2 protein chains.
Amino acid sequence: MTTQESIFEIFSEENLAGVAYKNKSLKRSIIDHLDQAGNTTITDLTVALNISVPKTTSLINELVTDGIVKEYGKDDSKGGRRASMYGLVAESGFFIGVDIKNFHVNLGLLNFKKELVNSEMHVPFTLANTPESFKDLIQVILHFINNAPVDKKKIFAACLNLSGRINSEKGYSYSYFHFNEEPLSQIVENAIGIKTFVENDSRAMAYGEFYNGTVHDEKNVLFLNLDYGIGLGIMIDGKIYRGKSGFSGEFGHIPIFSNELICHCGKKGCLETEASGQALIRLFKERIEQGHTSSLLKDKKMPPNLRVADIIQATLNEDVLCIELIAELGEKIGRGISVLINLFNPELVIIGGILADTGDYIRLPIRSALNKYSLSLVNNDTQLRMSKLHEEAGVIGGCLIARHNLLSFNK
Amino acid sequence: MTTQESIFEIFSEENLAGVAYKNKSLKRSIIDHLDQAGNTTITDLTVALNISVPKTTSLINELVTDGIVKEYGKDDSKGGRRASMYGLVAESGFFIGVDIKNFHVNLGLLNFKKELVNSEMHVPFTLANTPESFKDLIQVILHFINNAPVDKKKIFAACLNLSGRINSEKGYSYSYFHFNEEPLSQIVENAIGIKTFVENDSRAMAYGEFYNGTVHDEKNVLFLNLDYGIGLGIMIDGKIYRGKSGFSGEFGHIPIFSNELICHCGKKGCLETEASGQALIRLFKERIEQGHTSSLLKDKKMPPNLRVADIIQATLNEDVLCIELIAELGEKIGRGISVLINLFNPELVIIGGILADTGDYIRLPIRSALNKYSLSLVNNDTQLRMSKLHEEAGVIGGCLIARHNLLSFNK
DNA sequence: CATCGTTTTTAAATTATTTTATTTACGAAG
DNA sequence: CTTCGTAAATAAAATAATTTAAAAACGATG
């Protein structure tokens, strides 16, 4: 029996009854506990799961022969005989995260102990809603899998992060690659030969930041993905909140401005029309046309194909116009966040996405807008923190989601 | 052993281990199942809880001798011996809900089977943040308890609904009756001699509507309490979402207007300044001053102490000005709701609170504003429904919260 | 460096639960 | 109205878990 088979046995949805069912759930609980609490002793598990020592011992032994758990030496002395520490086996399974951006793809490989063992960042790729773009993507993924330093059979699952509207339960992506009735997850799964899930990019980043990033004890956390659009990942009680069909967090399209700009979603007054990376480029052009200047100009003219990354870089190089624009953006985003704080009373709001790389240039205007627009009692309750994982948030989150979905913890 | 003692034994937080612990949790699970699924058979429980028939039988028998469960005749024939139906005993315990409004109090008494056995609506009372008002309130509650048609000892818990910021976990009310450091829940508990919880009024209404009202299978539901202020109760995955400190749902104070009106919260541009019952009265006055007329005028002058209820009544009597104002209000509320829909992608939004009594006069403008302001894909996903429980939502919700907290189901 | 207190682990005894078999109850068909 | 098929409830047997007791492992103390 290979490791893979035994893992699938434990995590299969097969309907067992009676003792077999109970043992299976107990084993899952043990893995869940080892997953969350790290390596522990049998005594620890005994109190955590409310089962006796002999029972725990026999279950652990089975998991050890299954290859999912192994002994990690002895515990520190607590006065008597030292207890054996048990923990998950890092090499017993791997998971892939594919984070698809507008102009590149990031990929990562995670082991069973939630450690990133391999990653490829900034693989060139242009996201377009065409079959060609999709084919390119599959090639990028296959290349990553073939170059991965592990047995392909031990890669249990993958997760694709895409912006736009995603129904991760059913595997549909509505904004990209929705060419026929078959769910995107299924199409990719067939193409790469690995169980595949899809998830909204901001939610995946939120998940990564939540479980492997800047979040410690907080349970209700909002993650902002400030990119060309404005995404929002909502974590409630430690779980991703997706809404009815997976369309939650359309923060960029809340109507809080009284302008006449038509958003690409077709509505007027969306937050995204004033406070996104796209808006940033538009505002930059407008200022240049009004006669302002910037270090980004080539021969005193607008550079062609100006990207958000350029403006971020210029800001960090202390370009005055860019600093001003980022501050304006921050003010507007802060006003948006104050809506979120009033509604969610979160413990923590994380500023992520490429625009978060501007650091204090964007953080301080956001902070002051929050004081201006949200109820102080509620606002004081909420921490504002910058992303810790930066551009790795997506891949790590994707890997963790693949892992979580396959193992179906906490369900 | 009295019934009360035995109930507290099962639901006590006392730390048992081993078999005793397991039996206790199984008993709780049985009660939980009977609570949600109604009367069922032993075979049913066997598959639902994954335990054997003899084990289920012995647990049920213990619960029967405890007085919490009893037999409710035989099941319909399915071909063989007819199964006994078991269910909760309605009279084994009672719960009180106290819904405190600006100008009156509603009280209700719920039995163990979630049936409202007694209620007193519109008990005269004026809510003010003074010790006198609080004393009056206690008198109202004591009067209700003493007149209740059940043994006072069998009333296990009560819940107080108040508007404003409430930390229900710790029992604090910040907007009303926060006279000293002791939690309000504790003060009331000492005064009435019954375990007491406090909850935000809109959340309690949402809870009532969710479990005994218009909600059927939906799990992610938003409830709008349109009163003098605008409250929001958020139900996620069947649970009340309270946020970090219980300040979630401050919907009335999201800054989505660019007006110069100072809200009573101290900020500008709050939804409440334009779309609440308070705003309605202000707008009515303004129109009258501009020369408009209405059936509500006395000698062609503003009536003193005009209440929202008066405008609602006039609307239902087809007063043209009031109908217009309600439509304007609906439009603005709809714009606010579109923010919620974009963020939450809920299955259902319930329009409740006194202004919901205007029915289609407010529903239709809300509906059309939603089409105008929210993403169609997301919007089409969400149902809009009017409250079913109307002014009883609060009391029923309060009773159910008291019951839930005491029994601590799903925890 | 042997002994003692402490804690984990293993083993044996006890208790509890499930599984299987039997009995009881019910409706329908002959 | 008896018989037969089916399903629930009960009883007995078998299995599995917990509890208690004993052994092993370890550090500290004298």
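In what follows, chains carry the letters A, B, and so on, assigned in the order in which the sequence lines appear, proteins first and then strands, with residues in each chain numbered from 1. On a predicted model such as this, the values are computed, not experimentally measured, just so you know.
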Which is true for B:Thr41 with a 4.0 Å heavy-atom rule: it touches a base, it touches only sugar-phosphate, or it touches nothing? nothing
Would you kindly give the CD1-to-C1' distance between A:Ile42 and D:dA24, to the nearest whole Å? 15 Å
Atom CG of A:Asp76 to atom P of D:dG27: distance rounded to whole Å? 10 Å
We want to know whether B:Ser245 and A:Asp381 form a side-chain donor-acceptor pair, criterion being a heavy-atom distance below 3.5 angstrom. yes
Cation-pi check, A:Lys114 onto A:Phe112 ring (under 6.0 Å, within 45° of axis): no
D:dA9 P sits how many Å from B:Lys55 NZ, rounded? 17 Å
Looking only at the side chains, is there a donor atom on one of A:Thr214 and A:Glu209 sitting less than 3.5 Å from an acceptor on the other? no
d(NZ, A:Lys22; C1', D:dT18) in whole Å: 14 Å
When we call it a touch if two heavy atoms are under 4.0 Å apart, what does A:Asp44 touch: a base, just sugar-phosphate, or nothing? nothing
Answer yes or no: does a side-chain N or O of B:Ser84 lie under 4.0 Å from OP1 or OP2 of D:dA8? no
Both A:Lys78 and A:Gly18 contact DNA chain C. Which one's nearest nucleotide lies toward the 5' end? A:Lys78
Nearest to the side chain of A:Arg81 - D:dT18, D:dA9, D:dA24? D:dA24
With B:Lys27 as partner, the option from B:Ile68, B:Val69, B:Ile60, B:Leu59 fulfilling side chain to side chain contact (heavy atoms under 4.5 Å, CB included) is B:Leu59
Side-chain donor-acceptor pair under 3.5 Å between B:Lys55 and B:Asn23, yes or no? yes
A:Lys170 atom NZ, neighbour heavy-atom count above 12 within 6.0 Å: no
Could you tell me how far apart B:Met85 (CE) and D:dA8 (P) are, to the nearest whole angstrom? 12 Å
If you walk 5' to 3' along DNA chain C, what is the first nucleotide with an atom under 4.0 Å of a heavy atom in chain A, and what is the last? C:dG5 to C:dT19
Closest-nucleotide 5' rank along DNA chain C - winner of A:Tyr86 and A:Ala20: A:Tyr86
Under 4.0 angstrom, heavy atoms only, what part of the nucleic acid is B:Asn61 near: base, sugar-phosphate, or nothing? nothing
Could you tell me whether the side chain of B:Tyr211 and the main chain of B:Gly238 form a donor-acceptor pair under 3.5 Å? yes
Which whole-number value in Å describes the distance from A:Tyr21 OH to D:dT15 P? 24 Å
Verify the contact: side-chain N or O of B:Arg82 to OP1 or OP2 of D:dA8, cut-off strictly under 4.0 Å; return yes or no. no
